[in-house]
Amino acid sequence: MPQGRTITQRQAGRRSVILMRIVISGSSGLIGTALVDHLRGKGHSVVRLVRRPARGADEATWEPSTGSLDPAVIDGADAVVNLSGAGIGDKRWSDDYKRELLSSRLDTTGLLARTIAAVDRKPSAYLSGSAIGWYGPRGDELLDESEPTAGTSFLADICVQWEAAAQPAADAGVRTALLRTGIVLSPAGGALKKQLPLFKLGLGGKFAKGSQWQSWISLPDEVGAIEHLLTADVAGPVNLTAPAPVTNAEFTKVLAKVLKRPSFVPVPSFGPKLLLGGELADALLFTGQRVVPTKLQASGYGFQHATLEAALRALLGR
């Protein structure tokens, strides 16, 4: 272990708990907030990167758009987790917002990777965000990390550039894992939060024919997988999805069952396309990928919620 590392060990009965100093960007989002709380609850020291004046020793100010990041924040850290990026479904995809979606990922990922490469006491791991959108719409094809060909959609192109921006850290010898995250399920945010009101009223339904695949992961498993990858010997792309993807029709059926509500009214494509724009609606609602977490499972991660029904019952207290 390089000199100056902050990892310590604490004896807890017969188990030796490794404590780390972890720098996290994107810590105010759905995943980041849960991850920070979880890691601090385990006793780890977490430094949040923020774009305002820091309010304590557990925060550090940076400005990715101008390349401003004090290397001392990274020097001696045990791991860096990058979860930054504007929300894919937060706004209609105007040309300006498309540029923001890309720059918000490339500026942050690249700055962190270059800084990691430049410091003397490099972290042992750089976990950098990506998404299963890398694969593009692929119909019923079963996809894992061995798939060599990226998709050709706008989201796939973003993911390709996003992952490439992390390369300086890997080139510097730092284990770099690319977190290809699927649909993160939580009643506190994301797609599930938006769906719940209609489904609770019995007005939820599948999108069009419902044959498009949804590769999902519960928020507790997303956090657990990231924690696992802090120390697991895994590099390159890693699918953060549950092992049992479902079609949209199956997702709708299971969610309605868990909520004890009917679900029989399909949502025609013209409504969401009118509301969101055709490109965004197609990317989020009417196409998908059938993705499995081969590398994550091979590395020893055990899912808390391996099936959709188990996940929804746990998340919704049903």
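When reading the values below, keep in mind they use all heavy atoms of this one structure, side chains included, and skip hydrogens, waters and symmetry mates.
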task: Among residues two or more places apart or on two chains, list those pairs meeting salt bridge (Lys or Arg N to Asp or Glu O under 4.0 Å) that have a residue in residues 149-166.
output: E163-R180
field: salt bridge (Lys or Arg N to Asp or Glu O under 4.0 Å) pairs, two or more places apart, involving residues 45-54
entry: R48-E59, R52-E59
- line: Correct closest heavy-atom pair for D107 and P64 would be CB-O, 3.8 Å
- prompt: Do any pairs count as a salt bridge (Lys or Arg N to Asp or Glu O under 4.0 Å) and have a residue in residues 218-235, sequence neighbours left out, and if so which ones?
  reply: K42-E227
- request: Could you check V238, L179, T241, V234 and say which one makes a side-chain contact (heavy atoms from CB on, under 4.5 Å) with L296?
  value: V238
field: N/O donor-acceptor pair under 3.5 Å between S124 side chain and D78 backbone
entry: yes
- line: Shortest non-hydrogen pair, S27 vs V36, comes out as CB-CG2, 3.8 Å
Connected-component partners of L178 among ILVMFWY, side-chain separation under 4.5 Å: none
message: For K295 versus A235, what's the shortest heavy-atom pair and its separation?
response: NZ-O, 2.6 Å
query: What residues join L201 in its hydrophobic cluster, counting side-chain heavy atom gaps under 4.5 Å, either direct or through other members?
result: L198, L203
Joint hydrophobic cluster, W134 plus I88, side-chain heavy atoms closer than 4.5 Å: no
query: Charged N to carboxylate O below 4.0 Å: is that the case for K98 and D95?
result: no
- request: For D70, enumerate each residue passing the salt bridge (charged side-chain N to carboxylate O under 4.0 Å, His left out) test, keeping only those at least two apart in sequence or located in another chain.
  value: none
- prompt: Which residue, V223, L230, I226, forms the side-chain contact (heavy atoms from CB on, under 4.5 Å) with L39?
  reply: L230
- prompt: Under the 3.5 angstrom rule, does the side chain of S299 hit a backbone N or O of A232 as a donor-acceptor pair?
  reply: no
task: Examine distances only and state if a side-chain atom of T33 and a backbone atom of L30 form a donor-acceptor pair shorter than 3.5 Å.
output: no
query: Distance-only, no hydrogens or angles: does the N248 side chain make a donor-acceptor pair with backbone N or O of K206 under 3.5 Å?
result: no
- prompt: With sequence neighbours excluded, what pairs up with T294 under the side-chain hydrogen bond (donor to acceptor under 3.5 Å, both in side chains) test?
  reply: D144
T108 side chain vs R105 backbone, donor-acceptor pair below 3.5 Å: yes
field: Co-members of F199 in a cluster of I, L, V, M, F, W and Y side chains, linked at under 4.5 Å
entry: I183, L185, L192, L196, W216, V246, F251, V254, L255, V258, L259, L308, L312, L315, L316
Extract all donor-acceptor atom pairs below 3.5 Å that involve side chains of residues 283-291 and protein atoms in other chains or at least two apart in sequence.
| from | atom 1 | to | atom 2 | distance (Å) |
| --- | --- | --- | --- | --- |
| T287 | OG1 | D282 | O | 2.6 |
| Q289 | NE2 | G136 | O | 3.4 |
| R290 | NH1 | D140 | O | 3.2 |

query: Which atom pair, heavy atoms only, marks the closest approach of A86 to E100?
result: CB-OE2, 4.0 Å
- request: Could you tell me which residues satisfy ring-ring contact (aromatic ring centres under 6.0 Å, His included) with H228, sequence neighbours excluded, listed by chain and number?
  value: Y301
query: Are D75 and K122 within salt-bridge range, i.e. N to O under 4.0 Å?
result: no
- request: Could you tell me which non-hydrogen atom of A225 sits nearest to which non-hydrogen atom of L240, and how far apart they are?
  value: CB-CG, 4.1 Å
message: Is it the case that atom NZ in K253 sees more than 12 heavy atoms from other parts of the structure closer than 6.0 Å?
response: no
- line: So salt bridge (Lys or Arg N to Asp or Glu O under 4.0 Å) across residues 307-318, not counting sequence neighbours, yields K257-E309, E309-R313
- prompt: Taking the hydrophobic residues Ile, Leu, Val, Met, Phe, Trp and Tyr, and joining any pair whose side-chain heavy atoms are under 4.5 Å apart, which ones share a cluster with Y126?
  reply: V23, V47, L49, W62, L69, V73, I74, V80, L111, L112, I116, V119, V174
